[in-house]
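Some notes on the structure that comes next.
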Amino acid sequence: MISLATKYFRLAAVCCLFLLSTTAQAKDADVDAKLLQPDNLFPVVKMETNMGVIMVELDRPKAPVTVDNFLKYVVTGAYDNTAFHRIIEGFVVQGGGMDEKYNSLDDTFGSITNEAGNGLLNDQYSIAMARQSHPHSAGRQFYFNVDDNKSLDPGPRSWGYTVFGRIVEGEDVIDKMSEVPTEFNADLSLQDVPVNTVILRKATLLPPDA
């Protein structure tokens, strides 16, 4: 059973998801729509990390805007050699927004519409978008749910965080990531930063028939 203290800790951590999303900066950049496999309802992305391989199936019918946004970063190589900069055991593994040296990366394609009311929940091994306090501020940062995190789902007075797919292979990799030692990083003024950098070396959109 989860202790009351743990529940309060997780609630506080939800607020931090706001703060760790970089300010959205719309750029004069776009991607050829054909590269995003627009007719593929459930595209699969292979994530090669320094701790193993994770396969993620995205749900375009439920989260079309979010899936296309995520895939833009994938096909342009923007997620390659980035760090999972925030890890909380039993809660989330967050990445996509910093390079290997923990330099912040811009939201190249701007912010997107919140699709959290799509019926997909922040269940264990799902992937969702981090954002700031404004509901429509998600950009490039994403996170994996290490547990069922109902506090991140939409509620009567909260937008929630958009889930747009789930891990179909490599759950053990996320479990291992969630257990790495973390610390307060004074240079970044951030909590829960891995002591040894956890790196997403390469993200690849697989062919539809793979």
Side-chain angles (χ1 to χ4, degrees), residues 20-86 92-116 118 120 125-132 136-145 161-171 173-174 177 197-210:
L20 292 176
S21 290
T22 57
T23 301
Q25 298 183 24
K27 303 288 185 180
D28 293 329
D30 212 338
V31 176
D32 185 348
K34 294 179 181 178
L35 297 176
L36 308 182
Q37 300 179 6
D39 297 326
N40 187 355
L41 297 181
F42 300 98
V44 175
V45 172
K46 179 181 180 181
M47 294 183 167
E48 301 171 62
T49 81
N50 62 338
M51 296 188 69
V53 174
I54 304 166
M55 305 289 281
V56 183
E57 183 182 76
L58 309 181
D59 193 329
R60 181 172 266 132
K62 292 289 184 66
V65 173
T66 307
V67 168
D68 282 357
N69 175 72
F70 182 78
L71 289 180
K72 286 180 181 180
Y73 289 100
V74 171
V75 301
T76 57
Y79 284 141
D80 296 353
N81 300 310
T82 56
F84 289 95
H85 63 274
R86 178 173 182 254
V92 298
V93 172
Q94 184 174 340
M98 292 186 174
D99 66 18
E100 293 179 88
K101 296 182 179 179
Y102 294 127
N103 296 306
S104 294
L105 301 170
D106 289 344
D107 291 339
T108 308
F109 304 105
S111 56
I112 58 174
T113 302
N114 189 313
E115 296 180 300
N118 60 16
L120 299 177
Y125 303 132
S126 60
I127 184 172
M129 295 301 296
R131 61 172 174 81
Q132 295 179 329
H136 308 297
S137 58
R140 65 180 296 147
Q141 290 194 38
F142 61 88
Y143 64 90
F144 290 105
N145 284 292
Y161 295 79
T162 302
V163 174
F164 60 101
R166 67 181 303 101
I167 298 173
V168 293
E169 184 179 322
E171 294 93 337
V173 177
I174 285 296
M177 284 185 184
T197 313
V198 181
I199 304 168
L200 172 53
R201 298 200 181 280
K202 187 172 182 60
T204 306
L205 174 59
L206 299 183
D209 55 354

Report the distance from atom CD of Glu115 to atom NE2 of His136, rounding to the nearest 0.5 Å.
10.5 Å
How about Ile127 and Ile167: do any of their side-chain heavy atoms sit closer than 4.5 Å?
no
I need the Met47 CE to Met55 CE distance, nearest 0.5 Å.
11.0 Å
Option among Asp32, Asp107, Asp30 that satisfies the salt bridge (Lys or Arg N to Asp or Glu O under 4.0 Å) test with Lys72:
Asp30
Could you grab the distance from atom CD1 of Ile199 to atom OG1 of Thr49, nearest 0.5 Å is fine?
9.0 Å
Closest heavy-atom pair, Val92 versus Arg86, reported as atoms and distance to 0.1 Å, is CG2-NH1, 3.8 Å
Short side-chain to backbone donor-acceptor contact, Ser137 and Gln132, under 3.5 Å:
yes
Working for side chain to side chain contact (heavy atoms under 4.5 Å, CB included), residues Lys62 and Val163:
CA-CA 9 Å; Lys62 292 289 184 66; Val163 174; over 6 Å; no
Does NZ or CZ of Arg140 fall inside the cone over Phe109's six-membered ring, less than 6.0 Å from its centre and within 45° of the axis?
no
Taking atom CE of Met98 and atom CZ of Phe84, what is their separation to the nearest 0.5 Å?
13.5 Å
Can you check whether His85 reaches Gln94 side chain to side chain, under 4.5 Å on heavy atoms?
yes
Side chains of Leu36 and Val31 in contact at under 4.5 Å (non-hydrogen atoms):
yes
Quick one: are Met129 and Asn69 in side-chain contact, heavy atoms under 4.5 Å?
yes
If I compare all heavy atoms of Leu120 with all of Asn118, which pair ends up nearest, and what's the gap?
N-OD1, 2.8 Å
Identify the two heavy atoms, one from Ile174 and one from Ile54, that lie closest to each other, and give their separation to 0.1 Å.
CD1-CD1, 3.7 Å
Centroid-to-centroid, Tyr79 to Phe70, below 6.0 Å?
yes
If I take atom NZ from residue Lys46 and atom CG from residue Leu206, how far apart are they, to the nearest 0.5 angstrom?
7.0 Å
Residues Arg131 and Ala138: closest non-hydrogen pair is CB-N, 3.7 Å
Could you tell me if the side chain of Phe142 sits less than 4.5 Å from the side chain of Tyr73, heavy atoms only?
no
Do you know which two heavy atoms are closest between Tyr102 and Ala83, and how far apart they sit?
CE2-CB, 3.7 Å
Report yes if some heavy atom in the side chain of Leu71 is under 4.5 Å from a heavy atom in the side chain of Val45; otherwise report no.
yes
To the nearest 0.5 Å, atom NZ of Lys202 lies from atom CG of Asn81 at 9.0 Å
Using the test salt bridge (charged side-chain N to carboxylate O under 4.0 Å, His left out), find all partners of Asp68 that sit at least two apart in sequence or belong to another chain.
Arg60
Can you list everything that forms a salt bridge (charged side-chain N to carboxylate O under 4.0 Å, His left out) with Asp99? Sequence neighbours excluded, please.
none
For Thr66 and Thr162 the tightest heavy-atom approach is OG1-CG2, 3.4 Å
